[in-house]
Amino acid sequence: MDALDILTDLEHVVPYFQPIFNAEEHKIMGYEILGRYVGKNEEISLGSFFDDDTIPEEYRIEVENAVLSKALEIASSACEEDLLWFVNRDAALLMMDDGEGFLQLILSYQDKGVRPDHIVLEISDRHVQSHIEHLINYYKSYGIKIAMDKVGSESSYLNRIAGIEPEILKIDMSSLRSNNGGPAYLDVLHSLSILARKIGAAILFENIETPYQLQFAWKNGGRFYQGFYLKRPDHGLVDKEILKDKLKGEIHGFILSEKKRLQSFYDLRLELNSRFQELISKYKKEQNPSELLMALGDRMDGIAFRMYVCDEDGFQLSPNLYKAGNEWLLQPEYENKNWSWRPYFLENIIRMRGGKKGILSDRYSDIETGEVIRTFSLPLNEKEFLFVDLSASFLHVREGLF
Ligand code: CA
């Protein structure tokens, strides 16, 4: 459809509303406002119109404002409901008049009950340049909230996110689908969740289309949810509690399966602990760490693929004992290396000393084998600590692939 046809027919340009649900009450907490053209014979999303750089800026601004005015009119009729209104804006278009047009439009609905602090401005990273921070602070001074839109696949703009300090990070769930939620994506997600915590931002997962994606969102710190699986965009607003029972039930299922998973993690830890304690007291007489490792290796076939002993500062006191094919090999070149720089290493030493029990690490990719594994570590005495890298196949059997 031609851009001019849309521009000369603003009467048929209307807002659509897609509900956003929260995790704590399972209710609708707000709506993303989307633009549609609803003609006699066709109904089209205006997303590509707004993103089309070949259409003159004034045209796009005019259509954006037509959508927003109509949306705020509807919002004012629901103003006692305490909803947030998510508004998409191209940062470059906002800057054309130093952000005044947008601000004045928002403020003009204040008397009708739509306060600026009920507005969430969605800015996507492709539009965010460094000079936008000033504008964003100006909006924030009126109470307008900021969401970073389409966060996810790249982490190169993490600094910019930190500079803008958005209230909300919108993570696009479809990027999870495209690479099957592999470890790399999970790592990006993990760093985003740490960043979100640091700057006090909430995570909103959008484009949730399957129950699995909802579970993933819940499990990965998602406070807000949006997507076809929950509700499609529509021209009107719906009851806040429309999915309350369904969501509550579904999330309860997630809670049960997560508790089960955590329980099996702790059971595994206890089991490994008693197994190793028993073996260690049996082989205590082996004076030399290499002999101890060799003795343990024979009993750990199929469970572990690498073992070594370190002191409390992370210096390796033994060779690596490594399972190559069917044989356990000693790798002396690892002796005297220092591992204190590894994440959680020293923290875990202190934990082991305090608890006198072995601990099981989180899942991580082993640098040499590339497999996702866990390390079990336990104190041999006050100064020596045994590290056991558990084989991926053993962990799959015990914990499943999830
Ligand atoms: Ca958006």
Side-chain angles (χ1 to χ4, degrees), residues 13-22 28-37 44-53 55 60-61 63-72 74-75 83-95 99 102 105-106 114 116 118-129 132 135-136 139-140 144-154 157 160-161 164-178 189 192 196 201-209 213-214 217 222-235 237:
V13 166
V14 296
Y16 261 53
F17 299 89
Q18 187 168 32
I20 297 167
F21 295 83
N22 68 24
I28 293 174
M29 53 72 82
Y31 290 87
E32 178 170 355
I33 297 167
L34 303 160
R36 292 257 175 122
Y37 176 82
I44 55 166
S45 158
L46 293 175
S48 51
F49 175 89
F50 294 137
D51 285 341
D52 189 343
D53 296 334
I55 299 172
R60 286 188 280 154
I61 291 172
V63 176
E64 276 182 338
N65 287 345
V67 172
L68 184 55
S69 315
K70 290 179 186 181
L72 292 176
I74 292 172
L83 293 159
L84 295 180
W85 305 96
F86 288 69
V87 184
N88 292 283
R89 274 295 182 274
D90 183 315
L93 294 191
L94 285 177
M95 295 296 285
F102 177 74
L105 183 55
I106 297 292
V114 185
H118 284 164
I119 302 295
V120 183
L121 172 62
E122 289 195 19
I123 300 260
S124 68
D125 74 292
R126 96 179 170 106
H127 300 125
V128 175
Q129 297 110 26
I132 190 89
L135 177 69
I136 279 172
Y139 285 158
K140 279 186 176 177
I144 293 174
K145 297 178 169 66
I146 306 296
M148 287 291 292
D149 203 2
K150 302 184 177 71
V151 173
S153 41
E154 300 162 44
Y157 56 95
R160 270 181 288 162
I161 294 179
I164 284 170
E165 295 191 23
E167 278 82 1
I168 293 171
L169 297 184
K170 289 193 83 166
I171 300 182
D172 185 353
M173 202 47 120
S174 43
S175 45
L176 168 68
R177 194 175 44 212
S178 60
L189 201 61
L192 282 173
I203 294 179
L204 188 164
F205 281 95
E206 65 177 335
N207 292 321
I208 294 175
E209 292 180 1
Q213 290 177 332
L214 180 63
R223 182 171 180 189
F224 305 126
Y225 314 126
Q226 179 185 355
F228 284 7
Y229 178 65
L230 301 165
K231 273 267 164 272
R232 285 171 184 270
D234 205 344
H235 58 272
L237 309 181

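Whatever order the structure lists ligands and atoms in, that order sets their numbers, starting from 1.
Between the side chain of Arg89 and the backbone N or O of Leu121 there is no donor-acceptor pair closer than 3.5 Å.
Classification of Lys140 and Glu165 as a salt-bridged pair fails, no side-chain N sitting under 4.0 Å from a carboxylate O.
A ring-centre distance under 6.0 Å is not found for Phe49 and Tyr37.
The side chain to side chain contact (heavy atoms under 4.5 Å, CB included) with Phe50 is formed by just one residue from the set Asp90, Val67, Leu93; it is Val67.
Note: Tyr31 and Trp85 have parallel aromatic rings, judged against thresholds of 30 and 60 degrees for the angle between ring planes.
When the side chain to side chain contact (heavy atoms under 4.5 Å, CB included) test is applied to Val14, the partners found at least two apart in sequence or on another chain are Tyr16, Arg36, Val38.
The number of protein N/O/S atoms found under 3.0 Å from the Ca ion (ligand 1) is 4.
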